[in-house]
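Contents: one structure, followed by commentary.
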Amino acid sequence: MIKLKNIHKSFGRQQVLKGIDLTVQKGEVVVILGPSGSGKTTLLRCVNYLEKPGDGEILIGDYHLNCRHAGKKEIHALRQKSAMVFQQYNLFRHKTAVENVMEGLLVVKKLSKEEAYRRSAELLEKVGLGSRLDAYPSQLSGGQQQRVGIARALALEPEVILFDEPTSALDPELVGEVLEVIRRIAAEGITMIVVTHEIGFARDVANHIVFMDGGVIVEEGSPAEVLSRPKEERTRQFLKRITPEPNYSI
Amino acid sequence: MGAPFDLSFIFRFFPKLLDTLGLTLLIVAGSLAAGIFAGFLVALPRMYNVPVLKRFSQVYVSFFRGTPILIQLFLFYYGLPEILKLAGIDISKAPVLFFVIITYGLNTGAFLSETIRASVTAVNRGQIEAAYAVGMTGYQAFSRIVWPQALAVAVPVFSNVVLALLKDTSLAFTLGVMELTGKAQTLGALTQHFVEAYISLALIYLVISLVLERLLKLAERRLLRHEQPVSTGGGRFRLWFRLPRARSYRQLIADANAGKGGAEL
Ligand SMILES: Nc1ncnc2c1ncn2[C@@H]1O[C@H](COP(=O)(O)OP(=O)(O)O)[C@@H](O)[C@H]1O
Ligand SMILES: [Mg+2]
């Protein structure tokens, strides 16, 4: 289980997160929706301390951290509990696909080379890249790179995988293959927090939807509640804006 | 002036000059080692924005880039013992080579520090964050992710610095060091065949430069192999394949400015 309590974050004077509380059950998929600049990325980055929250508590699995007294050691321990899939993939450019996945297994999990390779090849197979193990990121399409990114996150067997707009940087025709992979691993019961604008995906895959705006959670609930019968005006406005217009062809 | 030109002297001088090649290479290697160390030390305050030290490293870089290396040699050779004497340290007995390597090392460091800084920042923030997200420590992220890529970006500039250093070592003879140039002077004076001695000398520098350049080119290609699309065909496609590579290399640098600032680590 993941529990965020009263997470605050400011950049200079600008308060970006104004006390976020969120609980994610084991095996649950939580989708975070919200307009650009509402603090979604910042919230995810606080969960693995790529941003240092000003205040609050983070509980992941059996690990509990109070943001007021978090030293290097605590941060390092917290990071081992989660994995992240980035909007820009952020693969290690000097490493092949399989080496990208192996890296965490070798350095952090301290597996042997053979074992790390075996597990990594298996995971890449699973995301449909079994034939591109030795390709460098520069030789892969965006969709393929993102699938490597997902395999890299899976390899760590984290309590939760954080996805920050995993398909926003992709060409439209590549979005489907990545969403399909995420859908598949969601079905395996991996706990995930996903920031996305793909409403269709959210409706199908999410157990719980959170709508954020202006650094607070405005509304949350099941996909049916939030997407079909939103209570808040701000949620309604947002959904109207991002739902694709009916496509009239001439 | 001097004896009439005689081609055979050029060849006769080769083995004699090559006797001192080791010393020249020793100066180059020693200065490079000292230079990489100094360059790193000086780049750190600028990378991590340490107020007073940053200012100090700027002064250091300006001095070594803005004054002739010959003056730097004289200042260190004649000046350093005097200054240290005031502090009660006597280094007047230290070998000349010591002063030569210190000077060239600090000089090289000044030129390398900027390259080191730029190459490290050229590795985009996103990869470092990915490393942290995977659970690496700061040191692991630097040594496994940043450093190998920074090295690859730095090689072209590094090559220039090495070649400049090789040629600059020819000034060490002004302090009486018997390296290649010093030896050529002596041979010229001894035989009065100055021109032949200098031709011989120039050829040796040229060959070493070409060899070093070639080696560094190979190193660069190996370090940057991840930016090259897989080559499927033979030589005919070489030129064609170069285009995407040049682009992705630039991309690497462009990426440097992309990332947002993260938490202090
Ligand atoms: N490193 C940073 N420094 C300063 N401001 C930032 C930084 N990161 C994000 N912000 C600001 O915080 C707000 C929320 O950003 P973000 O979390 O990226 O929103 P979202 O992901 O929902 O679009 C924005 O106003 C953004 O400009
Ligand atoms: Mg965002």
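Basis for what follows: all heavy atoms, side chains included, without hydrogens, waters or symmetry-related copies. A, B, ... follow the sequence lines: proteins, then strands. Residue 1 opens every chain.
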What are the two closest non-hydrogen atoms of A:Phe92 and B:Ala130, and how far apart are they?
CE2-CB, 4.0 Å

A:Met84 vs B:Glu129, test: side-chain contact (heavy atoms from CB on, under 4.5 Å). Steps then yes/no.
CA-CA 9 Å; A:Met84 192 162 202; B:Glu129 294 188 339; over 6 Å; no

Evaluate the criterion side-chain contact (heavy atoms from CB on, under 4.5 Å) for residue pair B:Ile145 and A:His94; output intermediate values, then yes/no.
CA-CA 8 Å; B:Ile145 306 303; A:His94 61 311; 4.0 Å; yes

CG of A:Leu106 to CZ of B:Arg144: how many Å apart, nearest 0.5 Å?
6.0 Å

Would you find more than 12 non-hydrogen atoms of other residues, nucleotides or ligands less than 6.0 Å from A:Tyr63 atom OH?
yes

Output the distance between atom OH (B:Tyr132) and atom CG (A:Asn48), rounded to the nearest 0.5 Å.
12.5 Å

If you look at every heavy atom in A:Phe86 and B:Ala133, which pair is closest and at what distance?
CZ-CB, 4.0 Å

Are there over 12 heavy-atom neighbours, none belonging to B:Phe56, within less than 6.0 Å of that residue's CZ?
no

Inter-residue atom distance A:Thr96.OG1 - B:His226.NE2, 0.5 Å rounding
12.0 Å

Side chain proximity check, A:Arg79 to B:Val134, heavy atoms < 4.5 angstrom:
no

Portion of A:Leu162 that has a non-hydrogen atom of chain B nearer than 4.5 angstrom
neither

Are any non-hydrogen side-chain atoms of A:Tyr136 and B:Arg225 less than 4.5 angstrom apart?
yes

Out of curiosity, B:Asn124 CG to A:Arg93 CZ, how far, rounded to the nearest 0.5 Å?
8.0 Å

If you count heavy-atom pairs under 4.5 Å between each of A:Arg152, A:Gln88, A:Gln80 and chain B, which one has the most?
A:Arg152

Looking at A:Arg184, I want to see if its CZ is surrounded by more than 12 non-hydrogen atoms of other residues, nucleotides or ligands under 6.0 Å.
yes

